[in-house]
Amino acid sequence: QVQAVESVGGLAQAGGSLRLSCAASGSIGSINAMGWYRQAPGKQRESVATITSNGITNYADSVKGRFTISRDNAKSSVYLQMNSLKPEDTAVYYCYVGGVFAGTIPRTYHHWGQGTQVTVSS
C-alpha cells in the first residue's frame, strides 16, 4: 500500500502565503510523478501542479507565477509553495503520488492523500 500524508493547510489572507508538504511512504516502489490537486465546494477536482521524477513541472493556468512545486526524491516528498493567494484558491488540496510498485511484474499506481483544507479570506 501507498500512503501520502499531507501537512496541515491553514488559513491565509488574500495576498498571503502558505506552504504544503506531502510525504509518501509504504510500498512506493519507483515514484514517477507527484503533484497537487484541489477541489473547491461544488466543483470538480482539478490539477494544480505536477512534477516528474526529473523535475519537469506543469501548472494550472490559474496558479502560474504564484505557486511553485518542488520535490525531494530522497524523502519521497513533494511541496507546494503558494504565494499571492486569492480567495478562489480556497479548496481542499490533495497530494498525488504516481509510480510503479516494486516487483517482477510492473504495476503502476495512482494515489491521492486524504486532503488538507486551505482557506483564503478576502
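Counting begins at 1 with the first residue of the sequence. All of these numbers come straight from a predicted model, not from anything done at the bench.
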Side chains of Tyr93 and Gln39, heavy atoms from C-beta outward: is any pair under 4.5 Å? no

Does CD belonging to Glu46 count more than 12 external heavy atoms closer than 6.0 Å? yes

Just checking Phe101 against Tyr109, ring centres under 6.0 Å apart? yes

What heavy-atom pair brings Gly9 and Leu20 nearest, and what distance separates the two atoms? CA-CD2, 3.7 Å

Could you pull out all residues at least two apart from Arg19 that satisfy side-chain hydrogen bond (donor to acceptor under 3.5 Å, both in side chains)? none

Would His111 and Tyr96 satisfy side-chain hydrogen bond (donor to acceptor under 3.5 Å, both in side chains), going step by step from the backbone distance to the final call? CA-CA 6 Å; His111 182 81; Tyr96 165 78; over 6 Å; no

In short, Ser17 meets Gln81 closest at the heavy-atom pair CB-NE2, 3.9 Å

Between Tyr59 and Ile69 (side chain of the first, backbone of the second, donor and acceptor by atom type, cut-off under 3.5 Å), is there such a pair? yes

Thr52 backbone acceptor or donor facing Arg71 side chain under 3.5 Å: yes

Looking at Asn54, Val97, Val100, which one forms a side chain to side chain contact (heavy atoms under 4.5 Å, CB included) with Asn32? Val100

If you take all heavy atoms of Ile28 and Ser76, which pair is closest and at what distance? CD1-OG, 3.3 Å

For the residue pair Ser77 and Tyr79, what are the closest heavy atoms and their distance? CB-OH, 3.5 Å

For residues 49-122, which residue pairs qualify under disulfide (SG to SG under 2.5 Å), counting only residues two or more places apart or in two chains? Cys22-Cys95

Looking at Arg66 and Ser84, would you say the former's side chain and the latter's main chain have a donor-acceptor pair under 3.5 Å? yes

Please lay out, stage by stage, how Thr119 and Gln117 fare under the test side-chain hydrogen bond (donor to acceptor under 3.5 Å, both in side chains). CA-CA 6 Å; Thr119 302; Gln117 178 69 45; 3.3 Å; yes

When you measure from the side chain of Ser30 to the backbone N and O of Gly99, does any donor-acceptor pair fall under 3.5 Å? no

Non-hydrogen side-chain atoms of Thr90 and Arg38 separated by less than 4.5 Å: no

Within 45 degrees of the ring normal and closer than 6.0 Å to the centroid, is that where the cationic atom of Arg45 sits relative to Tyr94? yes

Considering non-hydrogen atoms only, spot the tightest contact between Ile51 and Ser70 and give its length. CD1-CA, 4.0 Å

Hey, do the aromatic rings of Tyr37 and Trp112 have their centres closer than 6.0 Å? yes

Mind checking side-chain hydrogen bond (donor to acceptor under 3.5 Å, both in side chains) for Ser121 and listing every partner two or more places apart, or none if nothing turns up? none

Hydrophobic cluster membership, Leu18 vs Leu80, 4.5 Å side-chain cutoff: yes

Do other residues, nucleotides or ligands put more than 12 heavy atoms under 6.0 Å from Gln114 CD? no

Do Asp89 side-chain atoms and Val120 backbone N/O form a donor-acceptor pair below 3.5 Å? no

Ignoring hydrogens, what is the shortest heavy-atom contact between Ser53 and Asn73? Give both atom names and the distance. O-ND2, 3.2 Å

Could you go through Gln3 and Ser25, starting from their C-alpha distance and side-chain angles, then the distance that decides it, and tell me whether this counts as side-chain contact (heavy atoms from CB on, under 4.5 Å)? CA-CA 5 Å; Gln3 291 85 40; Ser25 62; 3.6 Å; yes

